[in-house]
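Each remark here refers to the structure printed beneath this line.
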There are 2 protein chains.
Amino acid sequence: MVARWQEGAAGRLQEAALRLYAERGYEQTTVADIASEAGVTARTFFRHYADKREVLFAGSERLRDGMLEALDAVPPAAGPMAAVAAALDASAVLLGRDHAHSRTRGAVISANAELMERELIKMATLAAAMADELRKRGVPAGDASLAAEAGAVVLRVAFEQWLNGPPEASLRDLMRATMARLPQVAAP
Amino acid sequence: MVARWQEGAAGRLQEAALRLYAERGYEQTTVADIASEAGVTARTFFRHYADKREVLFAGSERLRDGMLEALDAVPPAAGPMAAVAAALDASAVLLGRDHAHSRTRGAVISANAELMERELIKMATLAAAMADELRKRGVPAGDASLAAEAGAVVLRVAFEQWLNGPPEASLRDLMRATMARLPQVAAP
């Protein structure tokens, strides 16, 4: 779940890759195909991406950094879930930019077990980074894990809803609604 | 997070494998080593396990089936989280059997990125299976995902606490306490 935010040749390569993955299938597409489709050389491709898989996950660090910065900007007194909510708001800005792009990317990833694993790992890493940050702010370890992992669940469920819903829906609003729903659903 | 519940040769092979993985490292251990340590032939090994990785994940289906049966036994009127709580209780019976075994297994898995990915995937599959089951019971899709994924978070956080705590602690009690804590932590 990484949105389009690459610019210049990197952005063109990403669009070209996504188009080919969707048309021919991920396995059937080579780096040479992508470079040719984007009108650049393979050498240029490798200046921007380590391999054809990384095209789909570019921007993960930027997403993580943006989320952790937003989390840190919330005063510790506000409690762990308020900090996680701010991180989710920040994620919505990056992830909610381009509905069509995100839908195509989601379809490519769902069609490939290896890519789905990669997506799972990225999400687990994000949750672990938020939990670490909460612990550094003095949140007890158990609560930090619970809040961070619950936040990751909210992000995933809302993102899925957004992907399957109308393009004009706001990912941020869906995340906030899902966040508000969680304690109700989780109540005994 | 699969506990020891294999019997006979399968159980002896599992114990032998875990001992060798912990002593020599997972990568350095071969199927021949494991069979020899358990006093059986490699042929016997392959009658029970597809490969050396599967020794660590044997019982996943039994865990899933036990959890889904417990979930289904809860009347739909009780709400999705009550059904998930019953599934977690059932998981604690299987997962909470052998603290020393589970600690060793956890250490082997944490030391290897590929095994950690496998563990993540198994947990995601478990959450998806619970969400499916809830949907079949008429729970709206969003709530079903939230409840099932929240349950998986509770399971993981409580299991981690149990692994790092005293052997006499009850995994079921830790899961219940974590489950009760979730709506408090998740409250805005």
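None of these values were measured; they are calculated from a predicted model. Here is the naming used below: chain letters follow the sequence lines, and residue numbers restart at 1 for every chain.
Of the listed residues A:D143, A:V84, A:L182, the one with more heavy-atom pairs under 4.5 angstrom with chain B than any other is A:D143.
When the side chains of ILVMFWY residues are joined at heavy-atom separations under 4.5 Å, either directly or via intervening members, A:M116 and B:L120 end up in two distinct hydrophobic clusters. A:V139 is connected to A:L68 through a chain of hydrophobic side-chain contacts under 4.5 Å among Ile, Leu, Val, Met, Phe, Trp and Tyr, so both are in one cluster. Taken together through direct or relayed side-chain contacts under 4.5 Å among Ile, Leu, Val, Met, Phe, Trp and Tyr, B:V55 and B:I121 form parts of separate hydrophobic clusters. Both B:L94 and B:L71 are part of a single hydrophobic cluster, where members link through side-chain heavy atoms under 4.5 Å apart. Hydrophobic clustering (ILVMFWY, side-chain heavy atoms < 4.5 Å, transitive): B:V31 and B:V108 are in one cluster.
A:P183 approaches B:A186 most closely through the heavy-atom pair CG-O, 3.7 Å. Contact between A:L146 and B:R181 at its shortest, heavy atoms only, is CD1-CG, 3.9 Å. Scanning both residues, B:V157 and A:G142, for their nearest heavy atoms gives CG1-O, 4.2 Å.
Heavy atoms closer than 4.5 Å to chain B are found in both the backbone and the side chain of A:A147. Looking at B:E149, the atoms closer than 4.5 Å to chain A (heavy atoms on both sides) sit in the backbone and in the side chain alike.
The distance from the CE atom of B:M81 to the CD atom of A:Q184 is 13.5 Å, given to the nearest 0.5 Å.
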